[in-house]
Asker: 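Provided herewith is a single structure, encoded as structure tokens, for subsequent inquiry.
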Amino acid sequence: MSGKYWLLKTEPNEFSIDALKAKGNQGEPWDGIRNYQARNFLREMTLDDTVLIYHSACATPAIVGEAKIIRTAYDDYNALDPNSKYFDAKSTPEKNRWSLVDVCFVEKWAKPLTLSQIKTIAELSAMKLVKQSRLSVSPVTAKEYDAIASLR
DNA sequence: GCCAACGTTGGC
DNA sequence: GCCAACGTTGGC
């Protein structure tokens with residue numbers, strides 16, 4: 001089991017880890033990423049990479065479980081759909097600015113690792129999640145992942 | 001609901 | 001290419 005590690009944020013009101021679980025093996029297109037830095041990380045993802053699922057903009061922001069990449073980056077069709085809330089007038093079928101990946105549920109943790117806990121752990125205090133709070137897709141180092149895994 | 005952080009847009 | 005204005009994210 002090798003591969004890279006990532007963290008994806010989602011608002012549980014919009015799409016929770018339970019909603020991802022309900023999708024089963026077919027997984028879910030992780031759409032709506034409209035930030036270049038986040039998009040670039042999406043494009044670096046490879047098959048079977050581990051994804052930490054983080055609930056943001058809720059009562060207790062926390063890492064709540066794990067997922068994996070089941071399809072690597074492809075054009076975000078929502079950007080071309082005028083009826084989508086993710087429509088982007090500057091994207092065309094030839095030059096689509098945005099990408100998405102498909103993600104599949106792996107595991108929901110019995111005990112979420114909260115942001116406030118994360119901030120108190122030395123090995124995790126440099127996480128992009130902490131340093132760049134508005135970034136919705138971020139890399140996680142192997143060291144960080146090990147520290148997180150040992151805490152749950 | 002407030003507000004800090006910060007990415008994006010557009011005038012010049 | 002600079003930078004002010006604006007919009008969004010997300011913790012609290």
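Model, not experiment: these values are computed from the prediction. In the text below, chain A, chain B and the rest are named by the order of the sequence lines, each starting its count at 1.
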Asker: Rounding to a whole Å, what distance do you find between A:Lys90:NZ and B:dT8:P?
Answerer: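 Rounding to the nearest Å, NZ of A:Lys90 and P of B:dT8 are 11 Å apart.
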
Asker: Taking atom C1' of C:dG10 as reference, at what distance in whole Å does atom CD1 of A:Ile63 sit?
Answerer: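 Distance check: A:Ile63 CD1 to C:dG10 C1' gives 16 Å.
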
Asker: Go through the side-chain N and O atoms of A:Ser91 and A:Asp88 and say whether any donor and acceptor fall under 3.5 Å apart.
Answerer: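 Short answer, yes.
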
Asker: Can you name the atoms? Protein N/O to nucleotides 4-7 of chain C N/O, anything below 3.5 Å, with the distance.
Answerer:
from	atom 1	to	atom 2	distance (Å)
C:dG7	N2	A:Arg134	NH2	3.4

Asker: It should be established whether A:Tyr54 places a side-chain nitrogen or oxygen under 4.0 Å from OP1 or OP2 of nucleotide C:dT9.
Answerer: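 No.
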
Asker: Just to confirm, is there a sub-4.0 Å distance from OP1 or OP2 of C:dG10 to any side-chain nitrogen or oxygen of A:Lys9?
Answerer: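 Result: yes.
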
Asker: With A:Tyr36, which residues qualify under ring pair (Phe, Tyr, Trp, His ring centres under 6.0 Å), at least two apart?
Answerer: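 A:Tyr36 satisfies ring pair (Phe, Tyr, Trp, His ring centres under 6.0 Å) with A:Trp98 only.
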
Asker: Filter on salt bridge (Lys or Arg N to Asp or Glu O under 4.0 Å), then keep only pairs touching residues 125-136 of chain A, sequence neighbours left out; what's left?
Answerer: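 Qualifying pairs, neighbours excluded: none.
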
Asker: Determine the minimum heavy-atom distance between A:Gly3 and A:Tyr5, stating which atoms define it.
Answerer: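 The pair with the smallest heavy-atom distance is O-CE1, 3.9 Å.
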
Asker: Any residue in residues 117-127 of chain A with a heavy atom nearer than 4.0 angstrom to DNA chain C? Just list them by number, or reply none.
Answerer: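 Heavy-atom contacts with DNA chain C come from A:Lys119.
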
Asker: Calculate the interatomic distance between A:Asn35 atom CG and C:dT9 atom P; express it in whole Å.
Answerer: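 From A:Asn35 CG to C:dT9 P: 10 Å.
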
Asker: Tell me whether A:Phe87 is reachable from A:Leu80 by hopping between hydrophobic residues (I, L, V, M, F, W, Y) whose side-chain heavy atoms are closer than 4.5 Å.
Answerer: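 Result: no, two separate clusters.
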
Asker: For A:Ala110 and A:Pro112, work out which heavy atoms get closest and say how close.
Answerer: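 It is O-CD, 3.7 Å.
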
Asker: Checking A:Thr46 now: which residues fulfil side chain to side chain contact (heavy atoms under 4.5 Å, CB included) with it, not counting sequence neighbours?
Answerer: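 So A:Thr46 forms a side chain to side chain contact (heavy atoms under 4.5 Å, CB included) with A:Lys4, A:Asp49.
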
Asker: For A:Glu14 and C:dT8, what is the distance between atoms CD and P respectively, to the nearest whole Å?
Answerer: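 Roughly 14 Å, once rounded to whole Å.
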
Asker: Just how far, in rounded Å, is P of B:dT8 from CH2 of A:Trp98?
Answerer: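 A:Trp98 atom CH2 is separated from B:dT8 atom P by 7 Å.
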
Asker: Check whether A:Leu113 and A:Val130 end up in the same hydrophobic cluster, where Ile, Leu, Val, Met, Phe, Trp and Tyr are linked by side-chain heavy atoms less than 4.5 Å apart.
Answerer: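 Same hydrophobic cluster.
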
Asker: May I have the distance from A:Asp88 (atom CG) to B:dT8 (atom P), rounded to whole angstrom?
Answerer: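 Taking atom P of B:dT8 as the reference, CG of A:Asp88 is at 12 Å.
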
Asker: Once you round it to whole Å, what is the distance between P of C:dT9 and CD1 of A:Ile33?
Answerer: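 Computing the A:Ile33:CD1 to C:dT9:P distance gives 10 Å.
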
Asker: Which other residues end up in the same hydrophobic cluster as A:Leu135, if Ile, Leu, Val, Met, Phe, Trp and Tyr are linked when side-chain heavy atoms come under 4.5 Å apart?
Answerer: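 A:Trp6, A:Leu8, A:Phe15, A:Ile17, A:Leu20, A:Trp30, A:Ile33, A:Phe41, A:Leu42, A:Met45, A:Val51, A:Ile53, A:Val64, A:Ile69, A:Val101, A:Val103, A:Phe105, A:Val137, which link up through side-chain heavy atoms under 4.5 Å apart, make up the rest of the cluster.
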
